[in-house]
Amino acid sequence: MFRQISITLLAALLVLIHTLVAEPTLATPTCDSEKCILPDCLCMSTMPPMGLKPEEIPQMVFLTFDDAVADVMYPTYQKIFHNRTNPNGCNIGMTFYVTHEGTNYRLVNELYNRGNEIASHTVTHKMDYDYWTNTSVEFWQREAGYQRYLLHTHSNIPLNKIQGFRAPFLQTGGDVTHGALRKLGMTFDSSYTTTQFMDPPIWPFTMDYGLTHECIMPPCSKDKHPGLWTVPMIEFRNGENGALCKMADTCFPPYLTRPHFANQTAKEVFDYFMFNFKRFNKTRAPFSINQHMYWFLLENQAILEGFLQFLDHLGSLDYVYIVPVSKGIEWLKNPKTLAEMQTKNVFSCDSTSDNMAPCLKPQVCYYTTSIPGGTRFMGSCNSCPAEYPWLLDHDDEFMMQSTSTKVETTLTTTQALPITMQTTPATGSATHLGYQLVISVLLVVQGFVLSFFQFFG
């Protein structure tokens, strides 16, 4: 746990420093609302689409988490899910922007089958700002596309269900990032932040007329990207005159001083979320709670307690729907009032087999060496690949394919490493069962170790 925590904290610090020194670039394009018409196009606005009144529409809440899905995190996810439903009786849904290292793809499969959305957050999540300013479409196709392929291959999630993307540290390559997403057939990005449109907040919009709010972290998108939705990360504020932050877990300065987190009470955390929620609730703009799991894993359980109390409060409101981002976009394409949703609800339960991804051959894969370095474990719903998957340095055909193209579920790689995967004993034998138990325990330990070095190293 500690490596992931330290790296994520350092990453957020880099984002904070870059934001402070970089001058926001104001976007100049304007959107023609007479030509930009739903369901294919929507102009940026601070008011609900189609002239609807805020009080007659649902308040959507996008609850998102970034980075690896590790075993150490899953019990906390279960506390968040526990008995929480939307007004229509369906389970709440979240969006996970998943990166590769440290991820147990079997758990990703479970999250998906619970009705959550899985999105790409790149393979490497490399700790290098300049690396992510890359202006090559092929670069972003590899990072975003190969991670989507790994999610598809090892979690059995259909490619056409992995539609979203968020750039590491919210650092895009500008137009090349969006060009890559369009080539991959992906439908939305949630990487751009805004401080100029916080109150009232702006709604998600399509990039048919380009980026129509300020760009805080260049290189900035200047071209038009028809049909690609952008879900702005509207910054949080820690109280009336408090600090601004891009992620909900970074609003308590000094950000890297861990004891400060220990001082937060459940009431302070609850009030913090309520303060920001009220700002969105004025116009019912989607309330995006973007965060990392790490701050719920610290020793101060009051942070998680306050957040769960806030979710309980949302559950008491008959107009609030906690839904994945893609479902929110579906509502935006064809907006309905709460009254109309009584008969046609886009947030209905996905209970059909078409929306399930079976994990029939769960495996725990063990590698003595890996490209990122050292021993690695990886949970998978299919046979273990011969080598620990990592970013390929060439343009494989599958990374150029959109979601309309059939992709085989068997991973093929030409990485120049010796085969280092340990052989699993025969299935069903006592040796096999003991082996799986030991490897499962090691997978949990890996989650702790990687988290420790990522967040505190």
**Q.** Chi angles and distances behind the side chain to side chain contact (heavy atoms under 4.5 Å, CB included) call for E214, T195
**A.** CA-CA 8 Å; E214 86 278 20; T195 59; 3.6 Å; yes
Check whether any side-chain heavy atom of [X] sits under 4.5 Å from a side-chain heavy atom of [Y], and report yes or no.
X: F197; Y: I234; answer: no
X: M378; Y: P385; answer: yes
X: S190; Y: M233; answer: yes
X: L38; Y: M50; answer: yes
X: L151; Y: Y105; answer: yes
X: Q291; Y: T250; answer: no
X: T193; Y: L170; answer: yes
X: Y366; Y: Y388; answer: no

Could you tell me whether the side chain of [X] and the main chain of [Y] form a donor-acceptor pair under 3.5 Å?
X: N104; Y: D71; result: no
X: D175; Y: K222; result: yes
X: W140; Y: N134; result: yes
X: S288; Y: N290; result: no
X: R148; Y: L184; result: yes
X: T172; Y: G174; result: yes
X: N91; Y: G115; result: no
X: Q171; Y: P168; result: no

Q) ring-ring contact (aromatic ring centres under 6.0 Å, His included) with Y131: which residues, sequence neighbours excluded? A) F139
Can you confirm whether the side chains of [X] and [Y] place a donor and an acceptor under 3.5 Å from each other?
X: T194; Y: Q196; value: no
X: E305; Y: Q309; value: yes
X: T206; Y: D208; value: yes
X: N109; Y: N156; value: no

(Q) Does E117 form a salt bridge (charged side-chain N to carboxylate O under 4.0 Å, His left out) with K161? I'd like the steps, not just the answer. (A) CA-CA 8 Å; E117 177 175 28; K161 297 294 185 179; over 6 Å; no
Inter-residue atom distance [X].[atom1] - [Y].[atom2], 0.5 Å rounding:
X: M207; Y: L211; atom1: CE; atom2: CG; value: 5.0 Å
X: F280; Y: W203; atom1: CZ; atom2: CH2; value: 11.0 Å
X: C251; Y: K246; atom1: SG; atom2: NZ; value: 10.0 Å
X: N276; Y: E235; atom1: CG; atom2: CD; value: 10.5 Å
X: F96; Y: L107; atom1: CZ; atom2: CG; value: 10.5 Å
X: Q363; Y: C384; atom1: CD; atom2: SG; value: 5.0 Å

Q | Charged N-O contact under 4.0 Å between D189 and R166 | A | no
(Q) The criterion is side-chain contact (heavy atoms from CB on, under 4.5 Å); which residues satisfy it with V61, sequence neighbours excluded? (A) F287, I289, L314, V320, I322
Q: Check side-chain contact (heavy atoms from CB on, under 4.5 Å) between D40 and all other residues, then give those that pass, not counting sequence neighbours.
A: none
**Q.** Audit row: F273, H313, ring-ring contact (aromatic ring centres under 6.0 Å, His included) steps and yes/no
**A.** CA-CA 11 Å; F273 282 107; H313 173 73; over 10 Å; no
[X] to [Y] - nearest heavy-atom pair and separation:
X: S370; Y: G374; result: OG-O, 2.9 Å
X: C41; Y: Y209; result: SG-CE1, 4.4 Å
X: N86; Y: Y321; result: OD1-CA, 3.3 Å
X: Y97; Y: S120; result: CD2-O, 4.0 Å
X: P49; Y: W331; result: CG-CZ3, 4.1 Å
X: P372; Y: E101; result: CB-OE2, 4.0 Å

Q: Just do the side chain to side chain contact (heavy atoms under 4.5 Å, CB included) check on H292 and F65 with the steps written out, would you?
A: CA-CA 5 Å; H292 302 93; F65 287 96; 6.0 Å; no
Q: Please list all pairs passing the ring pair (Phe, Tyr, Trp, His ring centres under 6.0 Å) test where one or both residues lie in residues 171-195, with sequence neighbours left out.
A: H178-Y192, H178-H225
Q.
Would T99 and D67 count as a side-chain hydrogen bond (donor to acceptor under 3.5 Å, both in side chains) here? Give the steps.
A. CA-CA 5 Å; T99 192; D67 301 338; 5.9 Å; no
Q) Relative to the ring of H125, is the ring of H121 parallel (under 30°), tilted (30 to 60°) or perpendicular (over 60°)? A) perpendicular
Q. Stepwise, does the side chain to side chain contact (heavy atoms under 4.5 Å, CB included) test hold for F205 with T230?
A. CA-CA 6 Å; F205 60 95; T230 181; 3.3 Å; yes
Centroid-centroid under 6.0 Å between [X] and [Y] rings:
X: H82; Y: Y77; result: no
X: Y367; Y: F377; result: no
X: H100; Y: Y146; result: no
X: H154; Y: Y149; result: no

(Q) Holding to side chain to side chain donor-acceptor pair (under 3.5 Å), I want the full list of residues that pass it with K267, two or more places apart in sequence or in another chain. (A) D271
Q. Taking SG to SG, are C31 and C36 separated by less than 2.5 Å?
A. no
Q.
Does K333 have more than 12 heavy atoms from other residues, nucleotides or ligands lying within 6.0 Å of its NZ?
A. yes
**Q.** side chain to side chain contact (heavy atoms under 4.5 Å, CB included) evaluation trace for R84 with L308
**A.** CA-CA 10 Å; R84 290 191 169 83; L308 296 179; 3.8 Å; yes
(Q) As a quick check of understanding, evaluate side-chain hydrogen bond (donor to acceptor under 3.5 Å, both in side chains) for Y272 and Q264, giving each step before the final call. (A) CA-CA 11 Å; Y272 162 66; Q264 299 302 315; over 6 Å; no
Q | Residue pairs fulfilling salt bridge (charged side-chain N to carboxylate O under 4.0 Å, His left out) with at least one residue in residues 277-294, sequence neighbours excluded | A | D199-K282
